[in-house]
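Only a predicted model underlies this, so the values are computations on that prediction, with no experimental measurement involved. Counting begins at 1 with the first residue of the sequence.
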Amino acid sequence: EEEGVPDLLKMVITLTQERLTEKLMFMDSVQCTVLEVKAIEGLGHTVDVVLVNGTLREGDTIVVSTMDGPVVTNIRALLTPPPNREMRVKSEYIHHASLQGAVGIKIVAPDIGRAVAGTPIMVVREDLGDDLEDVKGDVQEDLDKLLKSLQTDSKGVMVHASTLGALEALLQFLREESKPPIPVSHIAIGPIHKKDVMRANIMNEKKLPEFATILAFDVSIDSDAQAMADELNVRVFSAEIIYHLFDQFTAYMNGLREARKAEATALVVFPCVLKILPQYIFNKKDPIVIGVEVVEGTLRLNTMVCIPSLSLDVGRITRIEINHKEATSAKKGTQVSVRIANEANPTLTYGRQFDHSNTLYSKINRASIDACKEYFKEEMTKDDWNLIIKLKKVFNIS
């Protein structure tokens, strides 16, 4: 018979109570952590907390952590669900004047809606000598440590999560486990609102549309925010499982990269050096058809070739034949027949403006080099990069 998670939890609790009774010790110092922030009809914003140690009382002054710093407020009500009911199930709550750990509690207090799930709640007991500013300082110090661990990049996606723990887990996944790592420019906890969409749209203004994206982990998006996102072309990917969120964003980035690669095809020029074979001159004028040997690099279809020493654009390779068979490329050392078209200068003639004594070079420039680096790196060999270094000097490219 299989055992379920409830059975395992029951076993852990039972063994703890039976065998660790002497080692378990209740402490008076309050140890309380925010689990979830909820808006309840008739109560306003509330927080569900787990009180592990210490005592909470109605009227206590507490300090909670928010993304904007510590907030001081007073407990208006301490609520628990009826016996054998979960906090998440809607029912009449039981009011308490005070509660002692360990117990799950719903706290009603002013200005508590911005509390960050996963952070501790501190109680200020002035009758015991607690100083409010000292407590706020401790909360701020903890918050600073937290924010330091959640530092963001100058460019990247926005990340929203339901809790602090979920946010930390998602950031670690995006930065350390994702290949390649996904940069994050801003983080937040809780639902997505219009202000968040406006912040994400900054990446569109910076000409980085791929990062005008919000990754929403287990959080909702306001309907007005979704409408604004559609209008501003800000993408919102939502999932309740981190891996699904990563898969969605990766698929989007791959699609975007393929589209940009297709656009870059018009710019890219792969490096090659060609030697004209004088015994194989088939047509001297547009289209020029001659035999060449690939001295360095790889000759590809549609490559623009030129003679830098003459500042002469010979034309674009529109056809390659190897042993009378059409090909799309030719490697170093291969002798091929090529057809060269020059729409800008159709009167260009072999034997008049140039001949076999001139070496043909693929016409590279800064834009084509950048395109090779960004989108065609896997198609470039080490020899190709070394050739680009040589050609940069030939074409005076910095």
Side-chain angles (χ1 to χ4, degrees), residues 1-40 46-56 64-65 78-96 98-108 112 115-123 142 145-146 149-150 159-178 187 189-191 215-220 237-248:
E1 185 177 340
E2 295 183 0
E3 300 294 334
V5 172
D7 301 303
L8 296 175
L9 291 173
K10 180 179 181 298
M11 183 183 71
V12 171
I13 294 170
T14 301
L15 291 175
T16 300
Q17 291 176 339
E18 289 179 354
R19 301 188 180 184
L20 297 177
T21 304
E22 295 180 0
K23 295 183 180 180
L24 292 174
M25 182 182 298
F26 174 79
M27 295 188 300
D28 289 329
S29 59
V30 173
Q31 186 180 349
C32 182
T33 304
V34 177
L35 297 179
E36 193 173 7
V37 181
K38 287 183 178 178
I40 304 294
T46 66
V47 291
D48 293 343
V49 304
V50 57
L51 177 64
V52 178
N53 274 310
T55 304
L56 289 179
V64 297
S65 297
L78 296 172
L79 310 175
T80 59
N84 300 322
R85 289 283 187 91
E86 288 190 56
M87 192 77 80
R88 294 174 296 178
V89 179
K90 189 173 182 180
S91 59
E92 291 295 325
Y93 294 103
I94 300 174
H95 288 251
H96 301 268
S98 65
L99 282 170
Q100 193 176 69
V103 64
I105 309 170
K106 182 178 287 294
I107 297 178
V108 182
I112 207 169
V116 177
T119 58
I121 287 180
M122 294 194 175
V123 180
D142 291 340
K145 289 180 182 177
L146 167 67
S149 68
L150 301 177
V159 172
H160 273 249
S162 55
T163 65
L164 180 62
L167 182 63
E168 289 179 309
L170 182 55
L171 284 178
Q172 181 179 359
F173 182 84
L174 295 178
R175 289 170 172 169
E176 298 179 16
E177 299 181 39
S178 299
I187 56 173
I189 293 173
L215 303 185
F217 178 52
D218 196 25
V219 296
S220 60
F237 297 111
S238 181
E240 295 182 1
I241 299 175
I242 288 179
Y243 299 101
H244 292 177
L245 202 59
F246 170 72
D247 290 342
Q248 289 180 40

Check this for me: E240, atom CD, are more than 12 non-hydrogen atoms of other residues, nucleotides or ligands nearer than 6.0 Å? no
Does some side-chain heavy atom of L56 sit less than 4.5 Å from a side-chain heavy atom of I121? no
Indicate yes or no: at least one non-hydrogen side-chain atom of V12 is less than 4.5 angstrom from one of L8. no
So among H95, H96, K106, which one has a side chain to side chain contact (heavy atoms under 4.5 Å, CB included) with T80? H96
With C32 as reference, evaluate V52, N53, V64, L51 under the side chain to side chain contact (heavy atoms under 4.5 Å, CB included) test and give the passing residue. L51
Over all heavy atoms of both residues, which pair between [X] and [Y] is shortest? Give the atoms and the distance, please.
X    : Y    : result
V47  : A115 : CG1-CB, 4.1 Å
A239 : H244 : CB-CB, 4.0 Å
P120 : S65  : O-OG, 4.4 Å
I94  : P82  : CD1-CA, 3.8 Å

Working to the nearest 0.5 Å, report the span between [atom1] of [X] and [atom2] of [Y].
X    : Y    : atom1 : atom2 : answer
T46  : Y93  : OG1   : OH    : 7.0 Å
L78  : I107 : CG    : CD1   : 6.0 Å
L170 : I187 : CG    : CD1   : 10.5 Å
H160 : D218 : NE2   : CG    : 13.5 Å

